[in-house]
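In what follows, a single structure is set out as C-alpha cells and then discussed.
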Amino acid sequence: MVQRQLPNPAELLELMKFKKPELDGRKRRLDAALTIGDLRAIAKRRTPKAAFDYTDGSAEGEISLARARQAFEDVEFHPGILKPAPDVDTSVEILGGPSALPFGIAPTGFTRLMQTEGEVAGAGAAAAAGIPFTLSTLGTTSIEGVKAANPEGRNWFQLYVMRDREISYELTRRAAAAGFDTLHFTVDTPVAGARLRDKRNGFSIPPQLTLGTIINAIPRPWWWFDFLTTPKLEFASLSTTGGTVGELLDAAMDPTISYDDLAVIRDLWPGKIVIKGVQTVEDAVRLRDVGVDGIVLSNHGGRQLDRAPVPFHLLPSVRTAVGDDFTVMIDTGIMNGADIVASVALGADFTLIGRAYLYGLMAGGRQGVDRAIAILRTEIERTMRLLGVSSLAELEPRHVTQLQRLVPVARDAAEAFAR
C-alpha cells in the first residue's frame with residue numbers, strides 16, 4: 001500500500017522551475033517554432049494573402065510540389081546501432097569552397113515583398129551560418145547590396161537568359177565584378193508556369209490594392225507599415241516593373257534559350273557554373289560531358305511544369321549515370337533536416353532551401369531566417385547521430401530507402417499501346 005505524506009514545499013520547488021518570461025515578442029514567437037512548419041504557420045498569420053501565396057504556392061494543381069514533399073516523407077532510414085556519434089561534422093566542400101552545412105539559400109524572386117528585410121536578411125543569416133547565399137535575377141536587392149550584406153561569405157548568382165541577351169550579359173559581368181563565385185544558369189523557365197494562386201490574388205509588382213486586399217491587410221498592419229516606410233519595392237537588377245508575375249516572367253524569359261547561350265555565358269563567367277533545373281538523366285550526362293561544374297536537380301519548386309519529375313526520386317539514377325566526381329545538387333520540397341540527410345545519403349553533394357528560408361523571413365525577418373537555419377541544423381545533427389554517423393561523408397545509400405507510391409508504367413507497354 002502506498003504511504004501518504006504531506007507535500008514538502010522544498011521538494012516541490014525542486015520539481016517546478018518557472019520559466020523566465022520573454023518580453024521580446026519576436027523572439028518569443030520564433031523560439032516557440034520547433035519546425036519549418038511552425039515558421040510557416042507564423043508566416044501565414046503575419047503576411048498578407050497575396051505575398052504568402054506567392055511564396056507558398058506552385059503551378060497549376062500544385063502536384064509537383066506535393067509529390068516532392070511526399071517523396072521526402074516516404075523516406076525510410078536504416079540506423080546503425082552501437083556506433084557512437086557524440087560529435088558530428090556537418091561541413092562540406094562545394095564548388096571549390098567551404099560550407100558549414102550541407103545546404104545553402106536558394107534564389108528567390110520578389111523577396112522584399114514577403115518581408116522588407118528581404119535578401120539582406122538572407123545574405124546576413126547565410127554569412128553568420130557559414131553557408132552560401134544565392135541571389136535571383138528577379139531579386140529585390142542589387143548584386144552590390146548583397147555583397148555588402150555578405151562581404152566575406154560565399155555569394156552565388158542565379159541567371160535567367162532574357163530576350164534581350166545583353167541584360168543577362170551585363171548581370172553576369174556585375175556578379176563577377178562583385179566577387180560572386182558561382183553562377184546558377186537556370187534552364188527550366190522558357191516561359192512562366194501557370195501559378196494560379198497568383199492569378200486569383202491579382203498578384204503584381206507593385207501590389208494592386210482591391211477591397212479584398214485591404215480587408216486582408218487590416219489584421220496585418222505591421223506588414224503595411226514596413227512596406228510603406230521602406231525604399232520602393234523593385235527588381236533591383238532589372239529596370240522594368242509592373243504587371244503580373246507571369247507577364248513579367250514571359251517578358252523576361254526566352255523559349256529559344258539553348259546550348260549556344262550556355263557557351264556565351266561560360267565565356268563571360270570566370271567562376272564555377274552550374275545548371276539549375278535539370279530534370280532527366282540524359283540531360284545530366286550531356287551537361288557533364290560539355291564540362292560544366294555541376295547541376296541542380298530541380299523542378300523550380302513545382303512552380304513551372306506541374307507533374308514534373310521529383311528531383312529526389314531522380315537523384316540516385318543521376319548519381320549513378322554521372323559518376324562520383326561530378327557535382328550534383330538538389331532542391332524542391334525540402335522542409336526538414338532529415339530531407340537533407342537523405343539527399344546526401346543518396347548522392348547529393350549539396351542542397352538548396354527556398355520556401356523554408358522564406359517562411360522564416362516572413363515570420364521574423366533576419367531573426368526568422370536565423371531560426372530556420374538553426375532548426376535545420378539541429379535536425380541534421382540529430383538525424384546523423386541517430387543513424388550512427390559522425391560526418392556527411394559516412395552517409396551512404398544503405399542508410400535510406402525511398403518508399404514508392406508512384407511506380408511508372410513500363411515504357412515498352414506504353415509504346416506498344418501508342419502503336
Side-chain angles (χ1 to χ4, degrees), residues 30 33-40 42-43 54-58 64-65 68-69 71-73 75 90-92 94-95 99-109 111 114-115 118-119 121-136 139 146 150 153-156 158 182 184 186 274 276-277 296-303 310-312 315 328-344 348-381 383 392:
L30 292 176
L34 304 181
T35 67
I36 298 299
D38 291 341
L39 289 176
R40 179 186 179 276
I42 297 169
Y54 170 74
T55 306
D56 194 61
S58 55
S64 288
L65 179 58
R69 288 182 173 165
F72 284 119
E73 291 177 10
V75 161
T90 61
S91 65
V92 295
I94 183 69
L95 296 168
S99 177
L101 294 161
F103 67 89
I105 291 181
T108 59
T111 312
M114 300 154 201
Q115 203 273 351
E119 291 91 353
I131 63 176
F133 175 84
T134 315
L135 174 64
S136 169
V146 165
N150 186 17
R154 299 189 67 189
N155 293 308
W156 296 350
Q158 175 268 331
T182 297
H184 286 236
T186 300
V274 300
K276 185 177 186 297
V296 183
L297 299 179
S298 170
N299 62 33
H300 215 96
R303 298 165 73 81
V310 175
F312 182 63
L315 175 60
V328 177
M329 301 190 285
I330 184 174
D331 70 17
T332 304
I334 294 171
M335 291 284 285
N336 191 291
D339 303 340
I340 295 169
V341 171
S343 298
V344 173
D349 295 293
F350 203 65
T351 65
L352 295 168
I353 60 164
R355 289 180 180 88
Y357 125 73
L358 295 176
Y359 293 143
L361 178 67
M362 290 186 287
R366 163 63 192 276
Q367 291 173 257
V369 182
D370 289 334
R371 182 62 181 152
I373 293 171
I375 288 170
L376 292 172
R377 179 192 293 113
T378 298
E379 291 169 342
I380 290 169
E381 292 175 347
T383 303
L392 296 169

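Not measured: the values here are computed from a predicted model. For the single chain, residues carry numbers from 1 onward in sequence order.
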If we only count heavy atoms from C-beta on, is the [X] to [Y] side-chain gap below 4.5 Å?
{"X": "Pro107", "Y": "Trp156", "value": "no"}
{"X": "Thr182", "Y": "Pro132", "value": "no"}
{"X": "Val92", "Y": "Asp349", "value": "no"}
{"X": "Met329", "Y": "Leu315", "value": "no"}

Kindly give the heavy-atom pair with the smallest separation between [X] and [Y], and that separation in Å.
{"X": "Ser64", "Y": "Gly302", "answer": "CB-CA, 3.8 Å"}
{"X": "Asp56", "Y": "Arg355", "answer": "O-NE, 3.5 Å"}
{"X": "Leu376", "Y": "Gly337", "answer": "CD2-N, 3.5 Å"}
{"X": "Ser343", "Y": "Thr351", "answer": "CB-CG2, 3.9 Å"}
{"X": "Gly301", "Y": "Ser58", "answer": "O-CB, 3.8 Å"}
{"X": "Ala68", "Y": "Thr332", "answer": "CB-CG2, 3.6 Å"}

[atom1]-[atom2] distance between [X] and [Y], expressed to the nearest 0.5 angstrom:
{"X": "Leu95", "Y": "His184", "atom1": "CG", "atom2": "NE2", "result": "7.0 Å"}
{"X": "Glu379", "Y": "Thr35", "atom1": "CD", "atom2": "OG1", "result": "7.0 Å"}
{"X": "Thr55", "Y": "Leu361", "atom1": "OG1", "atom2": "CG", "result": "8.5 Å"}
{"X": "Ile105", "Y": "Ile353", "atom1": "CD1", "atom2": "CD1", "result": "5.5 Å"}
{"X": "Ile340", "Y": "Ile380", "atom1": "CD1", "atom2": "CD1", "result": "4.0 Å"}
{"X": "Thr134", "Y": "Lys276", "atom1": "OG1", "atom2": "NZ", "result": "8.5 Å"}

Practice prompt. Compute both the distance and the angle, then confirm whether Arg303 meets the cation-pi test with Tyr54: under 6.0 Å from the six-membered ring centre, within 45 degrees of the axis.
Written response: yes
Practice prompt. Could you tell me whether the side chains of Tyr359 and Asp38 share a donor-acceptor contact shorter than 3.5 Å?
Written response: no
Discussion item. Exactly one of Leu352, Leu39, Thr108, Ile373 should register a side-chain contact (heavy atoms from CB on, under 4.5 Å) with Tyr357. Which one does?
Written reply: Thr108
Worksheet item: side chain to side chain donor-acceptor pair (under 3.5 Å) with Ser99: which residues, sequence neighbours excluded?
Response: none
Item to complete: State whether the side chain of Asn150 and the backbone N or O of Val146 hold a donor-acceptor pair below 3.5 Å, judged by distance alone.
Response: no
